[in-house]
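Here the structure is laid out as structure tokens; the discussion comes afterwards.
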Amino acid sequence: MIKSYFTIAWRNLQKNKVFSFINILGLTIGITVCLMIFLFIVNQFSVDKFHIQGDRIHRVMRGFNSSKERVPYLSAPYATALLTDYPDDIKKAVRVMPNNGLFSFNNIAFNEKKLYVADADFFDLFSLPLIKGNAKTVLQNPASVVLTETSAKKYFGNENPIGKVLKLDKNKQLTVTGIAKDVPTNSHLDFDLVIPLANYSKEEWFKGWINNSMFTYVLLGEHTDKKLLESKLQQFMDKHMKAVSNVMNIKFDLSLTPLYDIYFEPHSQFDDVKHGEKKVVYIFLSIAILILVIACINFMNLSTIRAVDRSKEVGLRKVLGAQRTQLTYQFIGESLLLTFISCLLSIAILQLLMPIYNQLLGYTLTVSWDSWPIYAFLAAIILVVGLLAGSYPAFYLSTFSPIQALKGKLQLGKSGALFRQILVVLQFSISILLIIGTTIITKQMKYVKERGLGYDDQQSIVIPLDNSELYSNMHTFKNELLSNSNIASVSFMSGEPGGFFDSHNFEVERKDTKSWKSRTEFTDFRFVRTLGLKILAGRDFSMQYPTDSTKAVLINRTAATQLGFTPEQAIGKWVRNTIRDSSRRTIIGVVEDFNFLSLKENMDALVISPSDDLRTVVIKLNTNDFPAALKTIEAAFNKAAPLYPFEYTFLDQKFDTLYKTDLRQQRILGLFAGLAIFIACLGLYGLASFTATKRNKEIGIRKVLGASISGVVALLSKDFMKPVLIALLIASPIAWWIMNKWLENFAYRINIQWWMFAAAGLIAIGIALVTVSWQALRAALANPVDSLRDE
């Protein structure tokens with residue numbers, strides 16, 4: 001019986017090719033978007049779920065002074081002490097230090113940015129599969145290295161890399177002992193090479209409790225109560241860190257974050273592992289549902305307006321004994337068949353679009369087409385969409401009176417027309433909502449990009465200070481650059497604007513308190529000049545005052561305000577960094593606030609100190625001849641750090657790095673908004689076609705009586721403008737609320753203005769008019785004799 005229903009359904013679809021094409025196209029686009037977003041969501045929520053012991057693995061997080069923001073970096077002694085103090089609760093502790101280094105083989109050399117320096121049981125704790133090598137022993141020898149598949153091919157091609165020797169930083173020889181599969185994109189761990197941490201165990205910094213540079217992962221016992229263990233960790237900190245806490249005037253604490261929760265932790269400049277946002281996941285899920293709803297509405301609308309055409313078929317089948325339930329099953333069968341065809345097309349289209357989709361997302365989705373969740377999802381789509389889209393037309397058509405239907409007197413009543421209007425309003429409400437969202441996001445990102453940042457980011461090149469040779473030869477490198485007329489200024493610093501700015505505690509000259517927390521920038525004497533900062537009071541660092549290197553600091557306007565001073569009053573006051581300085585430093589100058597952080601964050605206090613804690617160099621050019629300037633910089637770099645690749649970025653490109661997630665959201669939302677409008681227009685095209693056919697004789701009479709073509713077009717078009725205007729009124733307050741919530745992520749944001757809603761409405765009306773006018777124009781241009789011939 002089921003087979004016969006689908007056979008009849010297939011024949012009906014073949015009879016009505018235009019109707020079938022419009023519905024299949026709309027459903028295919030809707031299901032393709034849903035499938036794309038489903039894969040994205042599965043990828044997001046399956047992060048690190050492939051680890052065998054993942055539910056027992058936790059990362060140790062460090063907090064201080066009850067701050068909400070916690071950091072994952074600890075010093076080396078933590079792991080050993082935790083194992084010693086809690087042997088029953090913690091079964092294993094593995095340290096992972098993200099690093100970089102120059103690796104070379106023969107004449108091939110790469111500055112590897114994704115280097116992990118880890119304990120020997122790294123691969124034993126994390127179930128990252130090894131293609132070659134034993135997980136328990138692969139890192140036992142300090143002179144060993146494990147490569148991923150991609151890294152192995154980069155150095156050795158198709159040769160067997162096991163036993164081959166790589167050089168690290170041109171002096172340390174490491175033997176390849178294992179090859180790991182490339183790290184899945186749905187893991188917060190991200191490495192290309194792993195070397196043993198034992199290489200650094202004898203270094204002096206390795207023994208200190210305040211040299212925080214590595215993650216510490218612990219494997220809890222099977223019956224360990226995480227909350228109970230966390231309650232004991234304060235005692236642990238009091239035991240090992242009390243002396244340090246007293247000196248720094250900071251109260252430290254520890255907490256445990258489950259491995260599966262790391263990915264969705266809030267973004268932080270102190271944690272450079274992969275992070276996602278649940279808010280983005282929910283937004284994409286909502287968009288998928290809305291677009292699928294639009295496609296379903298199309299199906300319901302087009303199926304219902306074809307009711308008159310199919311009324312005789314229904315009447316005849318009823319006369320021949322067909323029951324209402326049989327007719328209902330037939331029409332739902334048609335819907336299920338349409339949805340099934342659309343699903344097959346969606347899979348094919350998605351296969352073609354995956355490279356483009358991965359480019360939009362910024363990473364490669366891990367998709368396994370032989371896994372059951374994908375096909376379970378598609379089966380659910382077929383059932384839900386097939387039933388949702390086909391239920392109303394099926395029940396509506398199966399209620400026709402056979403006598404009225406066979407007489408040809410069946411007409412769609414006002415209630416049916418009202419229902420169709422409601423569906424059109426819903427379609428365009430969703431479309432306008434997406435248009436408004438895209439408009440506001442685009443406007444906000446443009447505002448952020450064009451907003452005055454308070455520093456000069458033009459003609460500035462940024463080079464990471466990420467190798468020992470460049471660090472050792474930095475003064476020679478700087479002097480050689482400054483001797484060239486193409487270079488205006490060079491400054492070494494701990495972080496360029498938009499980069500890394502740590503928070504430290506300070507003792508301060510203030511009556512109400514002695515403790516104060518501020519962001520820090522460690523730099524040289526050319527910092528202000530290179531970034532083009534404005535000094536409000538006092539002076540800049542100067543070589544004329546040798547004591548500036550150890551006795552002076554600059555602060556920004558916000559820091560002066562937080563200390564309770566005007567810029568002029570702050571000059572001469574003292575501060576002391578409780579972590580780094582043994583003596584006080586005098587404030588010699590106050591600079592105007594500049595956006596050294598992302599515009600998602602409020603302006604914060606900043607203390608600028610001369611220091612050797614330098615991680616990057618900013619080079620200000622004095623020419624428009626960029627190729628010549630770059631050759632000069634590269635030549636100086638190659639002298640200072642031979643063999644290291646010359647890598648640089650432009651300071652004004654930092655925008656794309658800071659807001660890459662928001663920019664991707666903007667592009668994806670714009671794409672989905674366009675698809676939503678297209679699907680809605682498909683339905684509108686079908687409705688316009690039906691209306692033109694239904695009013696064919698009326699149009700003929702009007703033309704005979706002297707109606708113009710423009711008048712007929714206006715007559716047919718105006719009925720479709722009302723639903724769009726109503727949709728604008730419905731969508732506007734919803735969009736205003738949603739986008740206000742999104743804008744709360746930015747400390748500096750635009751005001752939502754009325755013209756954004758008006759523009760969205762005009763776009764929707766314009767698209768609807770173009771869609772409807774085509775059918776209206778065809779009807780208006782038709783010969784009235786053809787429509788009136790039967791009268």
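Taking 4.5 Å as the limit, some side-chain heavy atom of Leu554 sits within range of a side-chain heavy atom of Ile588. In this structure, the side chains of Ile579 and Ile210 stay at 4.5 Å or more apart for every pair of heavy atoms. Residues Leu563 and Lys573 have side chains not in contact (no heavy-atom distance under 4.5 Å, counting atoms from C-beta outward). Residues Arg95 and Thr216 meet the side-chain proximity criterion, which asks for heavy atoms closer than 4.5 Å. Within the 4.5 Å cutoff, no side-chain heavy atoms of Ser151 are placed close to those of Lys114. Looking at heavy atoms from C-beta onward, Pro98 lies in side-chain contact with Phe215 at the 4.5 angstrom threshold. Residues Asn745 and Gln444 have side chains not in contact (no heavy-atom distance under 4.5 Å, counting atoms from C-beta outward). Side-chain atoms of Val71 and Asn212, non-hydrogen and from C-beta on, never get closer than 4.5 Å to each other.
Taking both residues in full, the closest heavy atoms of Val590 and Ala560 are given as CG1-CB, 4.5 Å, listed atom of the first, atom of the second, then distance. Minimum interatomic distance between Leu189 and Val183 (heavy atoms only, all atoms of both residues): O-CG1, 3.2 Å. Minimum interatomic distance between Arg584 and Lys551 (heavy atoms only, all atoms of both residues): O-CD, 4.2 Å. When all heavy atoms of Phe206 and Pro77 are compared, the closest pair comes out as O-CD, 3.7 Å. Nearest heavy atom pair, residue Tyr471 against residue Leu614, reads CE1-O, 3.7 Å. Minimum heavy-atom separation, Val145 to Leu166: CG1-CD1, 4.4 Å.
The closest side-chain donor-acceptor pair between Arg585 and Ser609, if any, does not fall under 3.5 angstrom. Counted by atom type alone, Tyr644 and Asp169 present one or more donor-acceptor pairs between their side chains at under 3.5 Å. A donor and an acceptor atom, one from each side chain of Ser491 and Asp524, are located under 3.5 Å apart. One side chain, Asp238 or Gln234, offers a donor N or O that lies under 3.5 Å from an acceptor on the other.
No donor-acceptor distance shorter than 3.5 angstrom exists from the side chain of Ser598 to the backbone of Glu601, with no hydrogens or angles considered. For the pair Ser75 (side chain) and Trp209 (backbone), a donor-acceptor distance under 3.5 Å is present. Although no hydrogens or angles enter the test, the distance criterion places no donor-acceptor pair under 3.5 Å between the side chain of Asn467 and the main chain of Leu102. At distances below 3.5 Å, not a single donor-acceptor pair connects side-chain atoms of Glu592 with backbone N or O atoms of Leu536. For Asn199 (side chain) and Pro196 (main-chain N/O), a donor-acceptor pair under 3.5 Å exists by modelled atom type. Judged purely by atom type and a 3.5 angstrom limit, Ser518 uses its side chain to pair as donor or acceptor with the backbone of Ala605. Formation of a donor-acceptor pair under 3.5 Å by the Ser483 side chain with backbone atoms of Glu480 is found in this model. Remark: the backbone N or O of Trp574 is not paired with any side-chain donor or acceptor of Thr586 at under 3.5 angstrom. Side chain of Asn556 to main chain of Asp604: a donor-acceptor pair is present (N/O by atom type, distance under 3.5 Å, no hydrogens or angles). Listed for the Ser201 side chain is no donor-acceptor partner under 3.5 Å among the backbone atoms of Leu197.
Salt-bridge annotation for Glu507 and Arg576: present, with a side-chain N of the basic residue lying under 4.0 Å from a carboxylate O of the acidic one. For Glu265 and Arg70, the salt-bridge test fails: no basic side-chain N is under 4.0 Å from an acidic carboxylate O.
In this structure, NZ in Lys207 is found 12.5 Å from OG1 in Thr80, a value given to the nearest 0.5 Å. Between the CG atom of Leu651 and the CD1 atom of Ile619 there is a distance of 11.5 Å, given to the nearest 0.5 Å. Expressed to the nearest 0.5 Å, how far CG of Asn486 lies from NZ of Lys631 amounts to 12.0 Å. In this structure, CG on Leu254 lies 12.5 Å from CD on Gln235, to the nearest 0.5 angstrom. Atoms CG and CD1, from Leu115 and Ile195 in turn, are 5.0 Å apart once rounded to the nearest 0.5 Å. Atom OG1 of Thr632 sits about 6.0 Å away from atom CD1 of Ile487, to the nearest 0.5 Å.
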Practice item. Show your reasoning for whether salt bridge (charged side-chain N to carboxylate O under 4.0 Å, His left out) applies to Asp253 and Lys251. Key: CA-CA 7 Å; Asp253 64 80; Lys251 185 174 179 62; over 6 Å; no
Exercise for review: Take Ile461 and Leu630 through the side chain to side chain contact (heavy atoms under 4.5 Å, CB included) test and state the conclusion after the steps.
Suggested key: CA-CA 9 Å; Ile461 290 174; Leu630 284 174; 3.3 Å; yes
Check your understanding: After noting the C-alpha distance and the side-chain angles of Arg529 and Phe541, does the key distance pass the side chain to side chain contact (heavy atoms under 4.5 Å, CB included) rule?
Key -> CA-CA 10 Å; Arg529 189 184 318 172; Phe541 299 121; over 6 Å; no
Review point. Could you walk me through whether Ile633 and Leu481 pass the side chain to side chain contact (heavy atoms under 4.5 Å, CB included) check?
Key: CA-CA 7 Å; Ile633 298 169; Leu481 289 178; 3.9 Å; yes
Practice item. May I have the step-by-step check of salt bridge (charged side-chain N to carboxylate O under 4.0 Å, His left out) for Glu469 and Lys170, ending in yes or no? Key: CA-CA 11 Å; Glu469 290 198 5; Lys170 300 190 293 185; 2.4 Å; yes
Exercise for review: Evaluate the salt bridge (charged side-chain N to carboxylate O under 4.0 Å, His left out) criterion for residues Arg580 and Asp502: first the C-alpha distance (whole Å), next the side-chain angles of each, then the deciding distance (0.1 Å), finally the verdict.
Suggested key: CA-CA 12 Å; Arg580 301 179 59 89; Asp502 205 352; over 6 Å; no
Point to revise | Residue pair Phe596, Phe501: steps toward the ring pair (Phe, Tyr, Trp, His ring centres under 6.0 Å) verdict | key: CA-CA 8 Å; Phe596 60 94; Phe501 291 83; 4.9 Å; yes
**Study point:** Test side chain to side chain contact (heavy atoms under 4.5 Å, CB included) applied to Val617 and Met474, step by step
**Key:** CA-CA 9 Å; Val617 55; Met474 72 171 88; over 6 Å; no
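Classification of the Phe626-Phe650 ring pair by plane angle, with boundaries at 30° and 60°, yields perpendicular. Ring geometry for Trp516 versus Phe506: interplanar angle of 30 to 60°, hence tilted. Phe236 and His240 have tilted rings, their planes meeting at an angle from 30° to 60° on a 0 to 90° scale.
Within the 6.0 Å centre-distance limit, the rings of Phe637 and Phe646 are counted as a close aromatic pair.
Cation-pi geometry between Arg62 and Tyr78 is not met: the NZ or CZ atom fails to fall both under 6.0 Å from the ring centre and inside 45° of the normal. Both tests hold for Lys154 against Phe110: distance to the six-membered ring centre under 6.0 Å, angle to the ring axis within 45°. Arg451 forms a cation-pi arrangement with Tyr748, by the criterion of a distance under 6.0 Å to the ring centre and an angle within 45° of the ring axis.
For Thr558, the side chain to side chain donor-acceptor pair (under 3.5 Å) partners two or more places apart in sequence, or in a different chain, are Asp593. Partners of Phe122 by ring pair (Phe, Tyr, Trp, His ring centres under 6.0 Å), not counting sequence neighbours, listed by chain and number: Phe126, Phe191.
For Asn751, the CG atom is loosely surrounded, since the number of other residues' heavy atoms within 6.0 Å does not exceed 12.
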